[in-house]
Amino acid sequence: MEKIIDESIQGQSLNLEAKKNNARKLFIESYGCQMNFSDSEIVASILSNEGFNTTQNLEDADLVLVNTCSIRDKAEQTVRKRLEKYNAVKKINPKMKVGVLGCMAERLKSKFLEEEKIVDLVVGPDAYKDLPNLLSEVEDGRDAINVILSKEETYGDISPVRLNTNGVTAFVSITRGCDNMCTFCVVPFTRGRERSRDPQSIIEEVNDLWNKGYKEVTLLGQNVDSYLWYGGGLKKDFDKASDLQKATAVNFAKLLDMCAQAQPKMRFRFSTSNPQDMTLDVIETMAKHRNICNYIHLPVQSGSNRILKAMNRQHTREEYFKLIDDIRAIIPDIALSQDMIAGFPTETEEDHQDTLSLMEYVKYDFGFMFAYSERPGTLAERKLDDDIPEPVKKRRLQEIIDLQRKHGHYRTQQHLGKVEEVLIEKESKRSNTHWSGRNTQNTVVVFPKENYNVGDFVNVKITDCTTATLIGEAVGLSENN
Ligand code: SAH
Ligand code: F3S
């Protein structure tokens, strides 16, 4: 008995020593949406208090964490492949522990521990604060799991450790979860109900980023326009809030306004907007502040009213056009991007043509396009047959991609001859004598370095372009510096 106590005390002091020296090494990688990348920065912060420093080298790691995505089957297969790789490394370094975070952890829960013997730890998106406890379980030789979804957790009190950062652009999460229940989508099941983060903690994070030299922040949420702070709690419980809470509530337009005013020289972007929740006060707030970028990611998924309904998207094609017209009336040089799904159950050629004609109307600057992938547990999986043959899905997807490429090129060309403000982010991948940055519309701009530096706002004369990249020459620092 005494010996066991001794050993555990010794173990404890070793752990404390490791904590003090930041001696343990964490290898963390992320798949999927920007929110996952942002969450990994929260996880790195929680674990830095436990003595973990991050490493880029898998072979050196004491702990390997993979932040996973369930949005399509292919995303899950990618993660399974990575687990095989970790398994090979673990054979050389048997002390290495492996944890699965994120949406796959939430979706598969303890099944992961049965299916993938290599996994020691399974942690869902709302349970990261429990990581220190779970790790001590794992260190004692037990598998550990926490996949409890929360009504409150926003990690608002955690200051993220920025990973793989360029020191110029950063993500700040503002909401978690989603209440929209699009019938194809697994997110409401893996990330739980929608809740918003205290605006004060958002502003503090923004100010802190500015003080550390960051120049651009992207506010993140599954559905940012639905942001609503009334003192905490779920969005769906807002009706039960007191009169005072209702009167002092902060919506997304107000939050944007607060951010833009708190740091007038910082650029702000946001993602993702759902058309059904986007209101014109957001567009008006964008128009009011030059530091809110003229770019909206506004996924539509399909151009067919019948399919939109089957997807439980709460707007029609006509309402979407009206929204686009209203946005363009207020901000004429707005850039817009889409997400599209090809081959949703029952989609006919006519429905597909509706998607193409909707694209023709909007002529999006950018797009993210996918073949429908049936996700277990979603309403579409339970109620509808995945009845569009793979080759048909692929062909429709290709037609959507080809049209998007054409529109993207058309939009890119509209910038030729203009002088545009570009925030320098990094060296161009193609040339070490050129900088790469983005204009307000989110288009990548490449130009000769001259004496400019990463983090400078530079006015660039656009002289040439490829399909998706602008090429130019600096004409001077912008007044924003
Ligand atoms: N609001 C979210 C959307 C998450 S999913 C956000 O912040 O981006 C991102 C995109 O993946 C969706 O817009 C949709 O186009 C695509 N997607 C989601 N579920 C899918 C499925 N089952 N099959 C194919 N694509 C899907
Ligand atoms: Fe998914 Fe629809 Fe929400 S796509 S994340 S359920 S807005």
Side-chain angles (χ1 to χ4, degrees), residues 30-39 68-77 102-104 106-107 125 149 171-195 218-227 235-236 252 269-278 295-303 307-315 320 336-345 347 355 358-359 364 366-388 390 393-394 396-397 400-401 404:
S30 312
Y31 292 89
C33 63
Q34 292 161 333
M35 187 69 95
N36 262 4
F37 286 78
S38 169
D39 280 1
T68 60
C69 173
S70 282
I71 203 79
R72 285 168 292 275
D73 184 54
K74 215 167 127 201
E76 294 203 348
Q77 295 315 324
C103 288
M104 259 176 108
E106 194 62 48
R107 193 178 85 69
L149 288 173
F171 295 123
V172 171
S173 73
I174 64 163
T175 68
R176 298 188 73 81
C178 186
D179 285 349
N180 276 344
M181 298 302 279
C182 301
T183 58
F184 53 81
C185 185
V186 77
V187 170
F189 303 95
T190 57
R191 288 188 164 270
R193 302 309 297 255
E194 188 186 307
R195 67 219 96 115
T218 302
L219 304 174
L220 281 186
Q222 301 299 335
N223 181 17
V224 285
D225 298 270
S226 177
Y227 176 89
K235 163 92 182 224
K236 74 175 180 63
F252 184 55
R269 301 183 185 276
F270 52 87
S271 188
T272 300
S273 296
N274 187 314
Q276 72 202 43
D277 294 304
M278 176 151 238
Y295 168 54
I296 307 173
H297 181 48
L298 199 60
V300 65
Q301 320 294 357
S302 168
I307 296 294
L308 285 171
K309 193 150 189 241
M311 288 174 161
N312 192 32
R313 305 285 291 188
Q314 305 281 326
H315 63 83
Y320 188 76
L336 296 167
S337 61
Q338 42 86 348
D339 288 347
M340 290 288 185
I341 297 179
F344 185 80
E347 186 187 73
T355 295
L358 177 139
M359 290 175 70
Y364 295 97
F366 320 98
F368 306 87
M369 297 142 289
F370 316 98
Y372 173 69
S373 165
E374 187 176 75
R375 305 314 294 133
T378 58
L379 200 80
E381 185 259 347
R382 285 182 282 131
K383 297 273 185 257
L384 300 169
D385 259 358
D386 183 7
D387 60 353
I388 308 301
E390 256 345 278
K393 277 188 196 171
K394 282 224 171 87
R396 289 181 188 165
L397 177 62
I400 293 173
I401 292 172
Q404 181 51 49

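Residues: numbered from 1 along the sequence shown. Ligands are counted one by one from 1 in listed order, and the atoms in each one are counted from 1 as well.
- Between Lys235 and Asp179 no salt bridge is recorded (no basic side-chain N to carboxylate O distance below 4.0 Å).
- For Arg107 and Phe189, the positive end is not near the middle of the six-membered ring at less than 6.0 Å and at most 45° from its axis.
- Contact annotation: Ile341 has at least one heavy atom less than 4.0 Å from an atom of ligand 1.
- The residues Arg176 and Asp39 are annotated as salt-bridged, a charged nitrogen and a carboxylate oxygen being separated by less than 4.0 angstrom.
- Ordered by chain and residue number, the residues placing a heavy atom less than 4.0 Å from ligand 2 are Cys178, Asn180, Met181, Cys182, Phe184, Cys185, Val187, Pro188, Gln222, Asn274, Arg313.
- Looking at ligand 1, you won't find any N or O of Glu374 less than 3.5 Å from one of its N or O atoms.
- Protein heavy atom nearest atom 19 (N) of ligand 1, with residue, atom name and distance: Phe184 CD1, 3.2 Å.
- The protein heavy atom nearest to atom 5 (S) of ligand 1 is Ile71 CD1, 3.3 Å.
- Residues Asp225 and Asn274 share a closest heavy-atom pair of OD2-N, 3.9 Å.
- Residues passing the side-chain hydrogen bond (donor to acceptor under 3.5 Å, both in side chains) test with Arg195 are Asp126, sequence neighbours excluded.
- Met35 pairs with exactly one of Ser173, Pro125, Ser30 by the side chain to side chain contact (heavy atoms under 4.5 Å, CB included) rule, that one being Ser173.
- Residues that satisfy the ring-ring contact (aromatic ring centres under 6.0 Å, His included) test with Phe252, not counting sequence neighbours, are Phe270.
- Taking 4.5 Å as the limit, some side-chain heavy atom of Ser226 sits within range of a side-chain heavy atom of Glu194.
- Closest to atom 25 (N) of ligand 1, if we only count protein heavy atoms, is Arg72 NH1, 3.4 Å.
- A side-chain donor from one of Asn223 and Asp277 sits under 3.5 Å from a side-chain acceptor of the other.
- Note: no N/O pair closer than 3.5 Å links Arg375 and ligand 1 by distance alone.
- Ligand 1 lies out of reach of Ser271, whose nearest heavy atom is not under 4.0 Å from it.
- Residues Asn36 and Gln34 have side chains that never bring a donor and an acceptor to within less than 3.5 angstrom of each other.
- Of all protein heavy atoms, the one lying nearest to atom 8 (O) of ligand 1 is Thr272 OG1, 3.0 Å.
- Atoms of ligand 1 found under 4.0 Å from any heavy atom of Gly221, numbered from 1 in the order shown, are 7 (O).
- Ranked by closest heavy atom to atom 14 (C) of ligand 1, the top entry among Gln301, Glu381, Met369, Met311 is Gln301.
- Remark: minimum distance from atom 24 (C) of ligand 1 to any protein heavy atom is reached at Ala371 O, 3.4 Å.
- Checked for salt-bridge contact, Glu347 and Lys393 miss the test: no charged N lies under 4.0 Å from a carboxylate O.
- Between Glu374 and Arg382, no side-chain nitrogen of the basic residue sits less than 4.0 Å from a carboxylate oxygen of the acidic one, so the salt-bridge criterion is not met.
- Nearest protein heavy-atom contact of atom 1 (N) of ligand 1 is Gln222 O, 2.5 Å.
- Within the 4.5 Å cutoff, no side-chain heavy atoms of Tyr372 are placed close to those of Ile388.
- When only interatomic distances are considered, the shortest N/O to N/O separation between Tyr372 and ligand 1 does not fall below 3.5 Å.
- Looking at Asp339, Thr175, Leu220 and measuring to atom 9 (C) of ligand 1, the nearest heavy atom belongs to Asp339.
- Atom 21 (C) of ligand 1 has Ser373 O, 3.5 Å as its closest protein atom, hydrogens excluded (heavy atom only).
- The shell of residues lying under 4.0 angstrom from ligand 1, judged by heavy atoms, excludes Ala380.
- Every residue two or more places apart in sequence or in another chain that forms a side chain to side chain contact (heavy atoms under 4.5 Å, CB included) with Pro299 is listed here: Thr272, His297, Gln301, Arg313, Asp339.
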